[in-house]
Every structure is written in structure tokens, then in C-alpha cells.
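The structure appears below as C-alpha cells.
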Amino acid sequence: MAAPVPSTAERGAGQDGGVRRGGTTARWRRWTGTGAGRSGAERAASGGNGGAEERRRRMEGGERLLPKGFPKLKNDTFLRAARGEETEHTPVWCMRQAGRYLPEFRETRAAQDFFATCRSPKLCCELTLQPLRRFPLDAAIIFSDILVVPQWTLMSYMIEGGGSTTMAKAKSWLYRHPEASHRLLRLLADVVTDYLVGQVAAGAQALQLFESHAGHLGPEQFQDFALPYIRDISQAVKSKLKEEALPLVPMIIFAKDAHYALHDLARAGYEVVGLDWTIRPQEARAQIGKDVTLQGNLDPCALYAPKEKIGELVKKMLEGFGTQRYIANLGHGLYPDMNPEHVGAFVEAVHAHSRHVNKHS
């Protein structure tokens, strides 16, 4: 769903989007600038060829388009880093930052069931803003459902009927029914593409493809059943955005545990490649090259450490990645029992250390 987004100008932060809930590992995320998106009805009312032609005319005139009602963006650090532009500090956000580790999140969610929550623009906005009220984040995740997620991950949930430690049922389909698997994956990729284009039409300013279960596939299966669709989604989204005269927003690919595919992922059409915590920054950069922004990759469990230790780990992480063409994050999402103060220590350390390095470089 594409929920309206309130302004976060009081935090000076950009906004991002699309999380379902803190406990899930697969989700689409979308980012927007400070301001409000539009409902599906409002988008439909303003659509049509005439609307696309007007958007195209304005874009050709050099105007950056935003949905009606968006305030001026006050912090574009995240977006500039995603595009490979120089930044004053390293931007930082956390996967599952709008999640159950926050007491106010649990209190808000307790009053409604999940689907009622994600269908309420007011509640989605509240959950989106909660972490920004606490921390000087450079992006905000818009709380929403994950009914559309990366194609292999979604296929695995469909076949398994839920989570699994082995994904044996889903993987057996790939071996026993390869043609049917490709048909399903193609259908899912097409749906994901349309969904993402709709997110940009609603005001999203960046998109992340979160392939949670990539690590269940070996190199050959990933090459056959995941990578082609990851590439196709990027190409199709960018093509449709051009056709509809919508902004060409940065796209992020995060394929957890797919270290063997980093070279290919860097050439799959995404501006940013996300990393989990099991690979060294220098090794990732050697495989990916200098023309793609990296995102990650502190071990989430590092936030259980004392605040001083968190600062030391952040400093070491920044030394590995550098402060440019880099977006700081965890290597996966925040856990429900984490201390919000330690999340704040992580965010503050990224900003402080990166500003220090940039000032003295």
C-alpha cells in the first residue's frame, strides 16, 4: 500500500518508506522526501495521458516533481549518497527502525490489528515518524504491508506456507518444476514492478528490493532463478518511470547472504548494493567497484554492546567503507528487544565520526 506521509521538516530529515512490521525479514521499502504522498484515489484522479504529458513537460524544464502537498525537502543526504554525490556526513538509517523495539510503536500497534494499521494513513504516518522523533535519521521507513516482496522470497513463502529454516519445499520446486517456477517468478516480478512504479507515483524517492532468502540459493540457482528477475525489475521500473514521466529514483538491492553474487548485483542496474554483516567492506568494494554506492553493514547484535563500544565499532566500519558513496545501516533489521538508546548511539556515532573524517580529509 502507498500510505500518505506527513512532513518531517521539524527533524530536518528526509523520508523513506515501506516496512510492514519489525519481525519480518522480507519487505519492500520506499523513501520519500519530507511531505505527504497521495492516496490511490487521488493518484487515479490525477492520472491519464494528460497527467503524464504534463509531468514530462515539467521534467524537461528541469523541475523535480513531487506529489501535491509535499513540503520542500530539507535533508537530501541519503539521496545524494545513493546517487554517488558528495555528502557532508554519511547518511544513516536502520532496517526495521519503525519497529517493536520502540515502546511507543508497541503501544500504537496494540490498539489495532496489523491490517487495520497498515490501511490507516494516520497510523502509518504515526509509526513512520516515531523513530524520527527520537533519532536524527537521514531516512524514514513508511510503515506498510509486505504483500508485494522480492520474487524468490515471496515464492518461497507461498510454497512453504510460512517461514522455514531450509526452504526445502520451495527449493524442491526449483529442481522438480523449473518451468513452472519461472512462470511464477515472472508473474511476481511483473507485479513487483507495477507496485514500485505506483510507489514512486505516490512520492517515493528511493526503492529497496529486499531479497531476504537469497542465501538459501547457491550460486547456480541464484543465477537461474533470482538474478534475472532482479535485473528485469530494475530495467522495467526505470523504463516505466520514463514512460510515465516520473522521477528516476535510486534503487537499492539487498540480497542477504549472496556474497557470491556481489559482482553481478553491482551490474544489475541498481544505484546501491546493500550488505549483510558477514562480509568485510574492503572485500565488498573490491567485487562491486567504485561506481556503485554501498550500504550496511554493522552486525545488528553489536547494538547490545555498551554505547562506547558501539562508537568504536562504527568508527571501524567507517574506516572500512569510507565516508563517501556509502550509506550506513545494519547488516539486517533491528531486533525487538534492543535498547532504543543504543540505536541512538549508533546513529549519532555515524554522524559524528563521518563529519570528523570529512572535516580533516
Side-chain angles (χ1 to χ4, degrees), residues 11-13 16 19 22-23 25 29 75 77-78 81 87-106 130-141 208 210 212 215 252 254 256-257 259 262 272-286 288 293-361:
R11 294 291 306 185
D16 69 334
V19 166
T25 60
R29 287 190 170 87
N75 177 7
T77 308
F78 168 87
T87 58
E88 293 76 21
H89 67 268
T90 296
V92 57
W93 66 283
C94 297
M95 288 180 272
R96 297 184 192 149
Q97 67 188 33
R100 290 177 289 169
Y101 73 101
L102 291 175
E104 58 267 38
F105 179 96
R106 297 193 298 271
Q130 285 175 351
L132 271 74
R133 296 186 185 118
R134 282 180 174 259
F135 318 119
L137 294 155
D138 294 283
I141 303 169
Q208 174 162 305
F210 194 117
S212 302
I252 306 167
F254 177 61
K256 188 176 181 295
D257 296 324
H259 304 155
L262 288 179
V272 183
V273 173
L275 305 170
D276 62 48
W277 68 95
T278 61
I279 187 169
R280 291 184 175 87
Q282 297 89 340
E283 295 177 5
R285 179 58 77 187
I288 290 172
T293 296
L294 297 182
Q295 177 179 279
N297 70 335
L298 190 69
D299 181 356
C301 289
L303 298 193
Y304 293 121
K307 294 180 183 179
E308 296 77 11
K309 181 64 174 180
I310 293 173
E312 294 173 8
L313 294 170
V314 166
K315 182 179 180 181
K316 183 177 179 180
M317 182 177 71
L318 288 168
E319 289 172 352
F321 281 105
T323 61
Q324 301 298 324
R325 265 207 178 276
Y326 172 53
I327 298 168
N329 206 317
L330 303 176
H332 205 262
L334 290 164
Y335 300 145
D337 64 343
M338 285 181 164
N339 187 336
E341 292 185 4
H342 288 216
V343 176
F346 168 66
V347 173
E348 295 284 1
V350 170
H351 285 164
H353 286 302
S354 62
R355 286 192 174 105
H356 177 80
V357 170
N358 289 342
K359 181 178 180 181
H360 293 89
S361 62

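These numbers were taken from a predicted model, which means no experiment stands behind them.
- At least one donor-acceptor pair under 3.5 Å links the side chain of Y326 to the backbone N or O of G296.
- You'll find the side chain of Q208 reaches within 4.5 Å of the side chain of F254, heavy atoms only.
- Side-chain contact check for E319 versus V357: every heavy-atom pair is 4.5 Å or farther apart.
- Within the model, atoms CG of L275 and CD1 of I327 stand 11.0 Å from one another, a figure rounded to the nearest 0.5 Å.
- Side-chain contact between L137 and P131: present, with at least one pair of heavy atoms (C-beta onward) separated by less than 4.5 Å.
- Remark: I310 CD1 to M317 CE distance equals 11.0 Å, nearest 0.5 Å.
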List the atom pairs, with distances to 0.1 Å, where a side-chain N or O of residues 334-344 and a protein N or O form a donor-acceptor pair under 3.5 Å, not counting sequence neighbours.
from	atom 1	to	atom 2	distance (Å)
D337	OD1	Y304	OH	2.5
D337	OD2	Y304	OH	3.4
N339	OD1	E341	N	2.9
E341	OE1	K307	NZ	3.2
H342	ND1	L303	O	2.9
H342	ND1	A305	O	2.9

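- Distance CG/D276 to CG/L330: 12.0 Å, rounded to 0.5 Å.
- Taking a cutoff of 4.0 Å between a charged side-chain nitrogen and a carboxylate oxygen, E104 and R133 do not qualify as a salt bridge.
- Note: E312 CD to K315 NZ = 8.5 Å, rounded to the nearest 0.5 Å.
- For E88 (side chain) and R355 (main-chain N/O), no donor-acceptor pair under 3.5 Å exists by modelled atom type.
- In plain terms, the two heavy atoms of C94 and N329 that are nearest each other are CA-OD1, 3.4 Å.
- Within the 4.5 Å cutoff, no side-chain heavy atoms of E283 are placed close to those of L262.
- Contact check for T87 versus Q324: side-chain heavy atoms found under the 4.5 Å cut-off.
- Rounding to the nearest 0.5 Å places CD1 of I252 at 4.5 Å from CD of Q295.
- With values rounded to the nearest 0.5 angstrom, T293 atom OG1 is found 11.5 Å from F321 atom CZ.
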Given side chain to side chain contact (heavy atoms under 4.5 Å, CB included), test R134 with Q97 step by step and report yes or no. CA-CA 11 Å; R134 282 180 174 259; Q97 67 188 33; over 6 Å; no
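- When every heavy atom of F78 is checked against every heavy atom of D138, the shortest pair comes out as CB-O, 3.6 Å.
- Between Y101 and F135, the angle of the ring planes stays under 30°, which puts this pair in the parallel group of the 30/60° scheme.
- Below 30°, between 30° and 60°, or above 60°: for H332 and W277 the angle between ring planes is above 60°, a perpendicular geometry.
- Heavy-atom neighbours of R106 CZ from other residues, nucleotides or ligands within 6.0 Å: above the threshold of 12.
- Remark: side-chain polar atoms of N297 are not paired, donor with acceptor, to backbone N or O of G331 under 3.5 angstrom.
- At least one donor-acceptor pair under 3.5 Å links the side chain of T90 to the backbone N or O of T323.
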